[in-house]
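Below is one structure, written out as structure tokens; comments come after it.
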Amino acid sequence: MKRILLIEDEVNLARFIELELCHEGFNVTIAFEGATGSRLALDEHWDLILLDLMLPEMDGIEVCKAIRAYKQVPIIMITARDSVTDRVSGLDTGADDYIAKPFAIEELLARIRVVFRRQQVEGEPDSMLSCGELRLDTVSRLVSRGTKMLELTKREFGLLETFMKNLNRVMPRETLLDSVWGYDAVVDTNVVDVYVRYLRNKIDVPGAASCIETIRGIGYVMRR
């Protein structure tokens, strides 16, 4: 399921877009302020960001610049300002597309489909996840640290992929178990601890602190 971050301060519009996108099978998270949206955009993995231009705290141009400094996730700007200058400014900042309010939800969905088709044609650049020197390609299923390729088992890869898609988010053992082993897996949560240990042995730098932090009594978190 593709994850979409919607950064929009108009609550009713945001809820309407969320409802429609969820109906289409997307996983949607809403941020109502620019600063919150910027933080979420950088802290987690997203397949697409819908970004309003006029936002409190940080406007859409500032948010777009902050995201583009670190990520190439597709961004569609949504705004009531539809002058040529506004469109050019948004696109020059790094937005992939621009849609003006008011708009039909069918048009927004069409633009989203175009963005995802373009990703497939270009080889899905956002299949690459990173954290420091760690790189994981969800398509080729290759993992590396710097120039060294790492050999992971299916479970280790699934665990690392889950961590890297949720950077800085504390992941309870139960959530990791459901994500990697499946909801119907008949195994104890202790198996997560075992595989985290296996994974650390392969991805951590000897003598350095582990990039996977233990949260006592809860689970684990991978820090950026």
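Nothing here was measured: the structure is a model prediction, and the numbers come from that model.
Judged by distance alone, the side chain of Arg155 and the main-chain N or O of Leu152 form no donor-acceptor pair under 3.5 Å. For Arg68 (side chain) and Lys71 (main-chain N/O), a donor-acceptor pair under 3.5 Å exists by modelled atom type.
For the pair Lys202 and Glu156, the salt-bridge criterion is met [side-chain N within less than 4.0 Å of a carboxylate O]. Between Arg15 and Glu18, at least one side-chain nitrogen of the basic residue sits less than 4.0 Å from a carboxylate oxygen of the acidic one, meeting the salt-bridge criterion. By the 4.0 Å N-to-carboxylate-O rule, Lys165 lies too far from Asp43 to be salt-bridged with it.
Interatomic distance, CE of Met171 versus CG of Leu159, reported as 9.0 Å (0.5 Å rounding). Within the model, atoms OH of Tyr220 and CD of Glu213 stand 11.5 Å from one another, a figure rounded to the nearest 0.5 Å. Taken from CD in Glu8 to CD in Glu33, the straight-line distance is 11.5 Å, to the nearest 0.5 Å. Remark: Ile75 CD1 to Leu48 CG distance equals 9.0 Å, nearest 0.5 Å. With rounding to the nearest 0.5 Å, the separation of CG in Leu160 from SG in Cys211 is 7.5 Å. Taking CD1 from Ile203 and CG from Leu136, the interatomic distance works out to 10.0 Å, rounded to the nearest 0.5 Å.
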**Request:** Just do the side-chain contact (heavy atoms from CB on, under 4.5 Å) check on Leu176 and Phe163 with the steps written out, would you?
**Result:** CA-CA 9 Å; Leu176 291 168; Phe163 279 131; 3.8 Å; yes
**Message:** Please determine whether side-chain contact (heavy atoms from CB on, under 4.5 Å) holds for the pair Thr189 and Glu174, giving the CA-CA distance in whole Å, both sets of side-chain angles, and the decisive distance to 0.1 Å.
**Reply:** CA-CA 6 Å; Thr189 54; Glu174 294 78 6; 4.2 Å; yes
**Message:** Set out, in order, the CA-CA distance, both residues' side-chain angles and the distance that settles side-chain contact (heavy atoms from CB on, under 4.5 Å) for Arg145 and Arg135, then state yes or no.
**Reply:** CA-CA 6 Å; Arg145 175 181 281 281; Arg135 298 287 185 275; over 6 Å; no
**Item:** From CA spacing to verdict: side-chain contact (heavy atoms from CB on, under 4.5 Å), Tyr98, Ile78
**Value:** CA-CA 6 Å; Tyr98 196 107; Ile78 301 176; over 6 Å; no
**Request:** Take Ser210 and Arg200 through the side chain to side chain donor-acceptor pair (under 3.5 Å) test and state the conclusion after the steps.
**Result:** CA-CA 7 Å; Ser210 176; Arg200 281 170 168 164; 3.3 Å; yes
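Side-chain heavy atoms closer than 4.5 Å link hydrophobic residues (I, L, V, M, F, W, Y) into clusters, and following such links, possibly through other members, connects Phe16 to Ile76. There is no path of hydrophobic side-chain contacts, each under 4.5 Å, that joins Leu42 to Leu51. Leu109 and Leu13 fall within a single hydrophobic cluster, where Ile, Leu, Val, Met, Phe, Trp and Tyr are joined by side-chain heavy atoms under 4.5 Å apart, directly or via other members. Note: the hydrophobic cluster containing Ile99 also contains Leu50 (ILVMFWY, side chain heavy atoms under 4.5 Å, direct or indirect links). Val196 and Val205 sit in two unconnected hydrophobic clusters of ILVMFWY residues. Membership requires side-chain heavy atoms under 4.5 Å apart, directly or through other members.
Inter-residue side-chain proximity for Val180 and Phe157 is flagged as unmet; no heavy-atom pair is nearer than 4.5 Å. Two residues are said to be in side-chain contact when any heavy atoms from C-beta on lie closer than 4.5 Å; Arg223 and Leu167 fail this criterion. Contact check for Met164 versus Met222: side-chain heavy atoms found under the 4.5 Å cut-off. The side-chain heavy atoms of Ile112 and Leu21, taken from C-beta on, include a pair separated by under 4.5 Å. Inter-residue side-chain proximity for Leu177 and Val191 is flagged as met; some heavy-atom pair is nearer than 4.5 Å. Proximity of Leu53 to Asp59: side-chain heavy atoms (C-beta onward) are nowhere separated by under 4.5 Å. In this structure, Val73 and Ile67 have side chains that are in contact, with non-hydrogen atoms separated by less than 4.5 Å. Contact annotation: the side chain of Val192 approaches that of Trp181 to within less than 4.5 Å [non-hydrogen atoms, C-beta and beyond].
Among residues two or more places apart in sequence or in another chain, the salt bridge (Lys or Arg N to Asp or Glu O under 4.0 Å) test is passed with Glu24 by none. In terms of the side-chain contact (heavy atoms from CB on, under 4.5 Å) criterion, residue partners of Leu142 (sequence neighbours excluded) are, by chain and number, Ser140, Met149. Checked against side-chain contact (heavy atoms from CB on, under 4.5 Å), Ile218 has the following partners two or more places apart in sequence or in another chain: Val170, Pro172, Ile215.
A 6.0 Å sphere centred on CZ of Phe103 holds more than 12 heavy atoms belonging to other residues, nucleotides or ligands. With a 6.0 Å radius and a threshold of 12 heavy atoms from other residues, nucleotides or ligands, Asn12 has its CG atom at or below the threshold.
Between Thr138 and Arg141 the shortest heavy-atom distance is O-CG, 4.0 Å. Closest approach of Thr162 and Ser179 over heavy atoms only: OG1-OG, 3.1 Å. Leu40 and Ala31 make their closest contact through CD1-CB, 4.1 Å (heavy atoms, listed as atom of the first residue, atom of the second, distance).
By the 6.0 Å and 45° rule, Arg3 does not stack over the aromatic ring of Phe26.
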